[in-house]
Amino acid sequence: GVWRQTRALLFKNCLIKCRTKKSSVQEVLFPLFFLFWLILMSMMHPHRKYDEVDNTNLGSLDTSMLVNFIIGYTPPTRMAREIMKKVAFENFEDGIITEEYLSEEELQEASAFKPSNFVGVVFKDDMSYELRFPDMVAMSSIYMESR
């Protein structure tokens with residue numbers, strides 16, 4: 001029954017592979033070639049994780065750069081709203097425009113259509129967050145090696 005059919009199918013596939021050696025070799029070598037290519041590309045552009053920066057006094061902030069500055073944040077939780085309210089009104093006289101988004105995807109879409117003065121804040125929990133900058137943000141020459 002089943003064993004005989006399986007054995008016959010296996011024998012048939014072996015015959016086909018032996019008769020079409022060129023395509024059989026290509027089936028094995030093409031994935032290996034692409035795997036080698038991916039490994040080579042990842043070695044040429046390694047990802048670097050930078051350590052945390054110690055708390056230091058950075059001096060006074062030049063608020064003239066923050067005119068019409070927009071900060072979008074997600075998810076719109078109670079704690080996130082309180083933090084963003086403090087950021088917007090307690091630290092700056094004029095206030096910064098804050099916008100809340102329901103998801104990270106909405107935040108990314110909004111940053112694509114907003115001007116270059118848009119920064120996204122993604123709250124992971126009450127105590128941690130990630131900043132999302134547009135591509136036009138000037139970066140220090142120290143970190144230009146691996147963005």
Task: side-chain contact (heavy atoms from CB on, under 4.5 Å) between Val119 and Ile70, worked out - done: CA-CA 6 Å; Val119 173; Ile70 303 169; over 6 Å; no
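- Contact annotation: the side chain of Glu109 never approaches that of Tyr101 to less than 4.5 Å [non-hydrogen atoms, C-beta and beyond].
- Surrounding CZ of Phe123 are more than 12 heavy atoms belonging to other residues, nucleotides or ligands, all under 6.0 Å away.
- Going from atom CG of Leu10 over to atom CG of Leu15 covers 10.0 Å, rounded to the nearest 0.5 Å.
- Closest approach of Pro75 to Ala80, counting heavy atoms only: O-CB, 3.6 Å.
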TODO: Carefully, step by step, assess Lys85 and Ile83 under the rule side-chain contact (heavy atoms from CB on, under 4.5 Å).
DONE: CA-CA 5 Å; Lys85 184 179 176 183; Ile83 291 171; over 6 Å; no
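- Among residue pairs with one or both ends in residues 71-81, those qualifying as side chain to side chain donor-acceptor pair (under 3.5 Å) are Tyr73-Glu100, Arg78-Glu82, Arg81-Glu100; sequence neighbours excluded.
- No side-chain heavy atom of Leu9 sits less than 4.5 Å from a side-chain heavy atom of Phe11.
- Residues Leu32 and Leu38 do not share a hydrophobic cluster, defined by chaining ILVMFWY side chains whose heavy atoms lie under 4.5 Å apart.
- Counted within 6.0 Å of NZ on Lys124, heavy atoms from surrounding residues, nucleotides or ligands total more than 12; the atom is thus considered enclosed.
- The OG atom of Ser42 sits 6.5 Å away from the CD1 atom of Ile39 when rounded to the nearest 0.5 Å.
- Side-chain heavy atoms closer than 4.5 Å link hydrophobic residues (I, L, V, M, F, W, Y) into clusters, and following such links, possibly through other members, connects Met79 to Val121.
- Nearest heavy atom pair, residue Glu27 against residue Pro31, reads O-CD, 3.2 Å.
- The distance from the CZ atom of Phe118 to the CG atom of Leu107 is 5.0 Å, given to the nearest 0.5 Å.
- Taking the six-membered ring for Trp and thresholds of 30 and 60 degrees, Trp37 and Phe33 have nearly parallel ring planes, at less than 30 degrees apart.
- The closest side-chain heavy-atom distance from Met84 to Ile71 is below 4.5 Å.
- The two residues Pro76 and Leu102 make their nearest non-hydrogen contact at CG-CD2, 3.9 Å.
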